[in-house]
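Order of listing sets the numbers, starting from 1, for every ligand and every atom in it. Reckoned from all heavy atoms, side chains included, excluding hydrogens, waters and symmetry mates.
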Amino acid sequence: MDIITVETQPIEGQKPGTSGLRKKTRTFMEPHFLENFVQAIWIGIGGVQGKTLVLGGDGRYFSDRAAQVILRMAAAFGAAKVIVGQNALLSTPAASHLIRSRKTDGGIILSASHNPGGPDGDFGVKFNNPNGGPAPESVTGKIFEASQSVTTYRIMEAHDVDLSTLGTTSLGRTEIEVVDPVEDYAQLMSEIFDFDKLRALFAGGFRMRFDAMHAVTGPYAKTILEDHLGAPAGTVINGTPSPDFGKGHPDPNPIWAKELMDLMHGPDAPDFGAASDGDGDRNMIVGRNTYVTPSDSVAVLAANATLVPRYADGLKGVARSMPTSRALDRVALRLDCGAYETPTGWKFFGNLLDAGMASLCGEESAGTGSDHVREKDGLWAVLFWLNILAERQMSVADLMADHWRTYGRNYYSRHDYEAVDADIATALIDDLRGKLETLPGTTIAGQEVEWADEFAYDDPVDGSRAAQQGLRIATTDGGRIVFRLSGTGTEGATIRVYLEKEETDPEKLGLDPQEALSDVIAAADAVSGLSQRTGRSGPDVIT
Ligand code: G16
């Protein structure tokens, strides 16, 4: 097997975003695009010679080809070993767990998360550090730098490695171990949660639907929910991963998981519904006629954490991304534990988790996780909810009502404007940034501004600073508007507007969120001129 050196030149647009490099699949399939980026990763992490890596992903279109290229490039660079999920499948949290439990030097995850797959969909490549978490900006910066000066890459000429058969083979001197993608992860879940209690719950007739959205969590959910916990066959729907996610959009929110939402709001709704995304790190929680926002979900998990064996002694601290609602802060106040506010991006939680400052984290973008891995974890969140429901023996609706009575409610919604002309979106943010200073004390659409700023984060562990992480406007009555541009889109720009309003009046805890937020929504439009500048009459997605 020869190692060849291929001449190339830097390709524009290889700057990792919120979570690795995400592009149109066809872009990744262009000559040298993937290879250049992998070469940049190897350089950015200081080489892979003698190292052990994990490799896997959500099985989307082009993953099989990309995995073979990465294996041949790892071999060409002298990697000692690559641990690969069977058929190159590994959910993101399972990959994180494997990186940690096998004490490897990191791993590569092939996924564009919740974005659609297929030749006309999206693809992505992300490097995770030895702690199992997404590489921090200090590393992604080096990878980007390397991508800008790459002129050659090395690759081994070899036949495809058989990734369908479990066991160990080799590629040149590099050992390739193909592992069951589910086994270790399922074991970890059984150590965190009270599986006996969950078995009893299902044995008692508790009905649940888990929508795997034709993505990676299908095999994980079937094994854990149906095989280990005894949920009836058919509990998991859309459970076979397909390269184009059944031509769907594997994003677990009320828009894209409509099949599940309709079921949960229908006459024969089961007790509990949940969904996960393309790579298994996001989750949606829904009870009978009750959708739980991700911001509320993490607050509920924190408030009830001691009911779960792993967290029985309490939480070390909690963390949320800045745009996530402050419902979690209310819980932290009562628990008297540390509460941290980080920029959007799971990578910012890594240091807090590693330092033992936080043990539970959550984001408005349907991500919840803990220190059991260093990624957010969809199925873990679902099992956490099940464990709480098994202990508290009440419906999701009653649990939420009880939570809001105890802590107050943070009405919350995110409005997304997708595929906006990038220049228009940038100008909108720039102009708003320019007038933030003048806003305090003024009234916008009936809302009095208390303070306004641009969020910057100083990491309390390593002192690094992340600037320009979103524009915040807070109103005197406990409302908050946040504007930022998404770092995961692949087409034009996505403007995200995060809307929040606190409510403690017991009479006003059961409103429809869009109704409760109508003043804040009007103020957001008035202060930014969003609808006028983009020509849009409303958001593309409301979550
Ligand atoms: C990624 C990040 C999350 C982030 C989300 C949305 O999630 O890991 O931390 O909240 O993107 O980011 P943005 O608002 O910049 O689009 P995932 O599930 O896409 O990997």
Side-chain angles (χ1 to χ4, degrees), residues 15-23 57-58 60 91-93 95-96 109-117 121-129 132-137 140 213 215-217 249-253 256 275-284 293-295 297-298 319-325 341-350 352-353 361-369 373-379 381 414-420 425 429 455 457 466 468-471 482-498 539-541 543:
K15 188 173 194 310
T18 308
S19 187
L21 186 65
R22 288 189 193 160
K23 294 281 172 193
D58 60 16
R60 67 180 58 226
S91 77
T92 290
S96 179
I109 299 177
L110 306 173
S111 170
S113 184
H114 53 290
N115 294 5
D122 293 346
F123 193 77
V125 176
K126 177 168 78 163
F127 181 77
N128 278 30
N129 263 3
E137 294 198 329
T140 55
M213 304 189 87
V216 78
T217 49
H249 193 144
D251 192 355
N253 64 42
W256 298 115
S276 190
D277 70 330
D279 61 329
D281 56 1
R282 296 184 175 209
N283 73 88
M284 179 174 89
T293 68
S295 292
S297 178
V298 64
R320 62 166 173 83
S321 67
M322 180 276 284
T324 304
S325 98
E341 184 177 44
T342 61
T344 295
W346 202 263
K347 59 192 170 198
F348 292 105
F349 293 132
L352 297 172
L353 295 167
C361 311
E363 290 190 286
E364 51 66 39
S365 56
T368 336
V373 289
R374 293 295 181 273
E375 288 276 5
K376 53 191 186 275
D377 190 343
L379 252 179
R414 187 178 93 189
H415 289 192
D416 290 341
Y417 295 78
E418 296 180 337
V420 175
I429 295 288
F455 180 61
Y457 178 63
Q468 300 204 326
Q469 298 295 324
L471 309 180
V482 175
F483 291 87
R484 61 178 283 279
L485 299 181
S486 158
T488 57
T490 58
E491 205 183 329
T494 295
I495 304 173
R496 300 208 197 281
V497 188
Y498 309 83
D540 298 286
V541 177
T543 52

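- Proximity to Arg496 (heavy-atom distance under 4.0 Å) selects the following atoms of ligand 1: 13 (P), 14 (O), 16 (O).
- The closest side-chain heavy-atom distance from Ser365 to Arg414 is below 4.5 Å.
- Geometrically, ligand 1 and Leu485 share no nitrogen or oxygen pair separated by less than 3.5 Å.
- By the 4.0 Å heavy-atom criterion, Lys126 is excluded from the residues contacting ligand 1.
- Put simply, part of Arg484 is less than 4.0 Å from ligand 1, judged by heavy atoms.
- Side-chain atoms of Arg496 and Tyr417 include no donor-acceptor pair closer than 3.5 Å.
- Of the candidates Thr92, Asp251, Asp277, Ser113 forms a side chain to side chain donor-acceptor pair (under 3.5 Å) with just one, namely Asp277.
- Ligand 1 lies out of reach of Lys347, whose nearest heavy atom is not under 4.0 Å from it.
- At least one N or O atom of Thr488, backbone or side chain, sits closer than 3.5 Å to an N or O atom of ligand 1.
- The protein heavy-atom contact nearest to atom 8 (O) of ligand 1 is Lys376 NZ, 3.0 Å.
- Note: no N/O pair closer than 3.5 Å links Thr344 and ligand 1 by distance alone.
- The shortest side-chain heavy-atom distance between Arg60 and Ser111 falls under the 4.5 Å cut-off.
- Ser295 and Thr293 share no side-chain donor-acceptor pair at under 3.5 Å.
- Each of the following atoms of ligand 1 lies closer than 4.0 Å to a heavy atom of Gly487: 13 (P), 15 (O), 16 (O).
- The single protein non-hydrogen atom nearest to atom 9 (O) of ligand 1 is Glu363 OE1, 2.6 Å, given as residue, atom name and distance.
- Using a 4.5 Å heavy-atom threshold, the side chains of Lys126 and Leu21 count as separate.
- Heavy-atom proximity to atom 6 (C) of ligand 1, evaluated over His114, Arg414, Arg282, is greatest for Arg282.
- Remark: minimum distance from atom 20 (O) of ligand 1 to any protein heavy atom is reached at Arg22 NH2, 2.7 Å.
- Ring pair Tyr457/Phe348 is perpendicular by interplanar angle, where above 60° counts as perpendicular and below 30° as parallel.
- The closest approach between Ser321 and ligand 1 stays at or above 4.0 Å for every heavy atom of the residue.
- The N/O atoms of Trp346, backbone and side chain alike, include one that comes under 3.5 Å of an N/O atom in ligand 1.
- For ligand 1, the polar-atom distance check against Asp279 finds no nitrogen or oxygen pair separated by under 3.5 Å.
- Atom 10 (O) of ligand 1 has Ser365 OG, 2.7 Å as its closest protein atom, hydrogens excluded (heavy atom only).
- Side-chain contact between Arg374 and Phe349 is absent, with no heavy-atom pair separated by less than 4.5 Å.
- For the 3.5 Å distance criterion, the side chains of Asn283 and Thr368 qualify, holding a donor opposite an acceptor.
- Among protein heavy atoms, atom 17 (P) of ligand 1 sits closest to Ser113 OG, 3.1 Å.
- Short contacts between ligand 1 and Ser19, defined as distances under 4.0 Å to a heavy atom of the residue, involve ligand atoms 1 (C), 8 (O), 20 (O).
- Look at Arg320 and Glu363 and you find no salt bridge, because none of the NZ, NE, NH1 or NH2 atoms lies under 4.0 Å from a carboxylate O.
- By the 4.5 Å heavy-atom criterion applied to side chains, Glu364 and Ser325 are not counted as neighbours.
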